[in-house]
Each structure stands twice: as C-alpha cells, then as structure tokens.
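One structure is given below, encoded as structure tokens.
Hydrogens, waters and symmetry mates are skipped; everything else that's a heavy atom, side chains included, is used.
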Amino acid sequence: MFSINNYCKLGVSVALLFPEAFQDSYRHLAAFGQAASLPGFEALEACLPDEADIRRAEIAILRDTGKQLNYNLPGALQMEGEFNPNSLDPVCRKNAIALAIRHVDYAAEAGCEIVAVTSGPDNPTRRDDAIACFEEFLLTVADHAQQYGMTLVLEPVERGRFKKLLLGPTRETVACALSAQRKGRSNVRMLLDMAHIPLMEENLI
C-alpha cells in the first residue's frame with residue numbers, strides 16, 4: 001500500500017499552527033505538546049525556550065512521541081535591532097552570534113541534526129556590505145555547530161515583500177552557502193522552503 005511516509009517526513013510548524021506559542025514559554029509548551037500529539041506527522045519545526053525546565057519538558061515530549069525536531073533559529077534574527085545578524089554595527093552582530101550559538105546548544109540538547117538559518121533584514125543601500133557581515137555571522141555559528149556534527153541550512157526568504165530579508169534570491173543564497181563551504185564550513189547547506197519560492201517570484205525550475 002502506498003504511503004507518502006515512505007518517501008518523506010511530514011511535519012508541522014508549531015508556532016504557525018498555534019500562534020499563541022509566540023506569547024510566552026508556557027503557551028509554547030502547550031502548543032508544542034498539541035503539535036506533537038497530531039497523528040500522521042513525524043517532525044516538528046520550532047525553536048526551544050530559554051527556560052531550562054520548559055526546554056527539558058519539550059525535549060521529553062519529543063522523546064515520548066518519537067517526533068523529530070527541525071530547529072529554527074529565533075525570529076529576532078530576522079528583524080532590525082540588536083540581534084540583526086547582518087547589521088553593519090559590530091555590537092548587533094555580536095549579539096546575534098551569541099543568540100544563535102545559544103540556540104545551537106539548545107538544538108544539540110534535543111538531538112537535532114539540522115538548524116535552519118535565515119539572513120536579517122535587507123539593506124538596499126549597502127547590500128554587499130550587509131552580505132559580508134552576514135557571512136561573518138554564518139561562519140562563526142557554523143564553527144560552533146561543527147562540534148555537534150550539526151548542519152546549518154540557509155533558507156532564502158523573499159526580499160521584495162513581506163519579510164524583506166537580505167538573502168531572498170535563491171542564486172545569492174546559494175552563493176553565500178558555497179562561499180562558506182569554500183572557507184571550510186562543509187556543514188553549511190541550503191534549504192528550499194516551498195512557500196517562499198513564489199513570494200520571491202521564482203519557480204522550482
């Protein structure tokens with residue numbers, strides 16, 4: 001009998017399915033449990049809370065339900081401000097690196113093999129400089145992830161609308177990932193999110 005599960009792992013995004021997960025860590029825990037209990041899905045997409053006890057509870061849910069966690073770095077890294085990974089301000093980049101590394105450690109606690117990374121907001125007037133700054137961030141986080149045998153997957157997200165992130169075009173995202181590989185970070189790859197492809201006015205071909 002045909003089953004799609006023989007060919008891929010179906011998963012759900014905890015916070016997109018249960019937006020209340022964004023409100024606080026206790027609601028995140030409740031949403032995480034609800035998502036993990038849904039039949040027919042093998043994977044969850046989320047990041048884990050800072051509170052160690054809640055994080056342990058969510059990791060226990062993964063263990064008890066047999067779900068795989070595909071880790072997403074926090075949304076704060078996609079926004080203007082103190083955690084912008086491609087900010088021209090070195091203090092902001094330092095904050096972004098510290099936040100990302102902390103969450104790579106959380107992902108390791110949960111036994112994750114993959115962590116999804118996006119760039120920060122676009123900087124149209126100094127885009128080349130911002131890409132260079134983002135690559136510095138990416139290389140540092142990749143170095144930290146290597147100790148866990150963990151792969152960072154760089155996700156292109158629309159530049160021209162909605163999130164308006166720096167690395168939206170797939171071609172430029174590929175170039176960034178390949179640049180990191182040439183510099184010895186073989187654990188940097190790319191992730192294609194099917195939802196973002198049309199928003200970038202691209203197609204699968």
Could you pull out the closest heavy-atom pair between V14 and A21, with the gap in Å? CG1-CB, 4.5 Å
Please confirm whether the backbone N or O of A108 pairs with a side-chain atom of Y71, one donor and one acceptor, at under 3.5 Å? no
Min side-chain heavy-atom separation R93-P85 under 4.5 Å: no
State whether a side-chain donor-acceptor pair under 3.5 Å links N70 with N72. no
Hey, what do you get for CD (E42) to NZ (K67), rounding to the nearest 0.5 Å? 8.5 Å
All heavy atoms of A180 vs all of L138, minimum pair found to be CB-CD2, 4.3 Å
Let me confirm one number: the SG-CG distance from C176 to L139, rounded to the nearest 0.5 Å. 8.0 Å
Same cluster or not: are F137 and V91 linked, directly or through other Ile, Leu, Val, Met, Phe, Trp or Tyr residues, by side-chain heavy atoms under 4.5 angstrom apart? no
Would you sort out whether S186 and Q181 count as a side chain to side chain donor-acceptor pair (under 3.5 Å), showing the intermediate values? CA-CA 5 Å; S186 59; Q181 290 182 6; over 6 Å; no
Note: Q146 and G184 closest approach over all heavy atoms is NE2-O, 3.6 Å
Any donor-acceptor pair under 3.5 Å linking the side chain of H28 with the backbone of C47? yes
dist R126:CZ -> N86:CG (nearest 0.5 Å) comes out at 12.5 Å
Expected output: side-chain R55 to main-chain P49 donor-acceptor under 3.5 Å: yes
Heavy-atom pair of closest approach, residues F134 and T118: CE1-O, 3.5 Å
Are L77 and L99 close enough that some pair of their side-chain heavy atoms sits under 4.5 Å apart? yes
Determine yes or no for a side-chain-to-main-chain donor-acceptor pair under 3.5 angstrom, with T65 supplying the side chain and I61 the backbone. yes
Test side chain to side chain contact (heavy atoms under 4.5 Å, CB included), reference N123, set D129, I131, L88, output is L88
Hey, what do you get for CD (Q23) to CD (E20), rounding to the nearest 0.5 Å? 6.5 Å
side-chain contact (heavy atoms from CB on, under 4.5 Å), that's the test. Do L192 and I197 meet it? Break it down for me. CA-CA 8 Å; L192 273 183; I197 290 173; 4.3 Å; yes
Spacing of CG belonging to L199 relative to CZ belonging to R159, to within rounding of 0.5 Å: 14.5 Å
Could you tell me whether a side-chain N or O of E135 sits under 3.5 Å from a main-chain N or O of A132, the two making a donor and an acceptor? no
Verify, without hydrogens or angle tests, whether R185 (side chain) and K183 (backbone) share a donor-acceptor contact under 3.5 angstrom. yes
Flag, side chain of Q68 to backbone of L44, donor-acceptor distance under 3.5 Å: no
With a 4.5 Å cut-off on side-chain heavy-atom distances among I, L, V, M, F, W and Y, is there a chain of contacts connecting I59 to V104? yes
Find out whether H103 and V115 are in side-chain contact, i.e. whether some heavy atom of one side chain is under 4.5 Å from a heavy atom of the other. no
Work out which heavy atom in A116 is nearest to a heavy atom in L191; give both atom names and the distance. CB-CD2, 4.2 Å
Tell me whether the guanidinium CZ or amine NZ of R27 lies under 6.0 angstrom from the six-membered ring centre of F22 and within 45° of its axis. no
Check: residues 148-158 side-chain donor-acceptor pairs under 3.5 Å, at least two apart:
from, atom 1, to, atom 2, distance (Å)
Y148, OH, D105, OD1, 2.6
E158, OE1, H196, ND1, 2.6

Please answer whether the main-chain N or O of E82 pairs with a side-chain N or O of N95 as donor and acceptor at a distance below 3.5 Å. yes
Under a 3.5 Å distance rule, please check whether S87 uses its side chain to pair with a backbone N or O of F83 as donor and acceptor. no
Report yes if the side chains of L178 and R182 come closer than 4.5 Å at any heavy-atom pair, otherwise no. yes
Heavy-atom pair of closest approach, residues L69 and A46: CD1-N, 3.9 Å
Between I54 and L62, is there a shared hydrophobic cluster once you connect ILVMFWY residues whose side-chain heavy atoms come closer than 4.5 Å? yes
What about L48 and I101, same hydrophobic cluster or not, with Ile/Leu/Val/Met/Phe/Trp/Tyr joined at side-chain heavy-atom distances under 4.5 Å? yes
Can you hop from L167 to I97 via hydrophobic side chains spaced under 4.5 Å? yes
Between the side chains of D50 and R102, is the shortest nitrogen-to-carboxylate-oxygen separation below 4.0 Å, so that they form an ion pair? yes
So does R161 have more than 12 non-hydrogen atoms from other groups sitting under 6.0 Å from CZ? yes
Distance, nearest 0.5 Å, that separates CG of L16 from CD of E45: 7.0 Å
Would you check if the side chain of N84 reaches a backbone N or O of M79 as a donor-acceptor pair within less than 3.5 Å? no
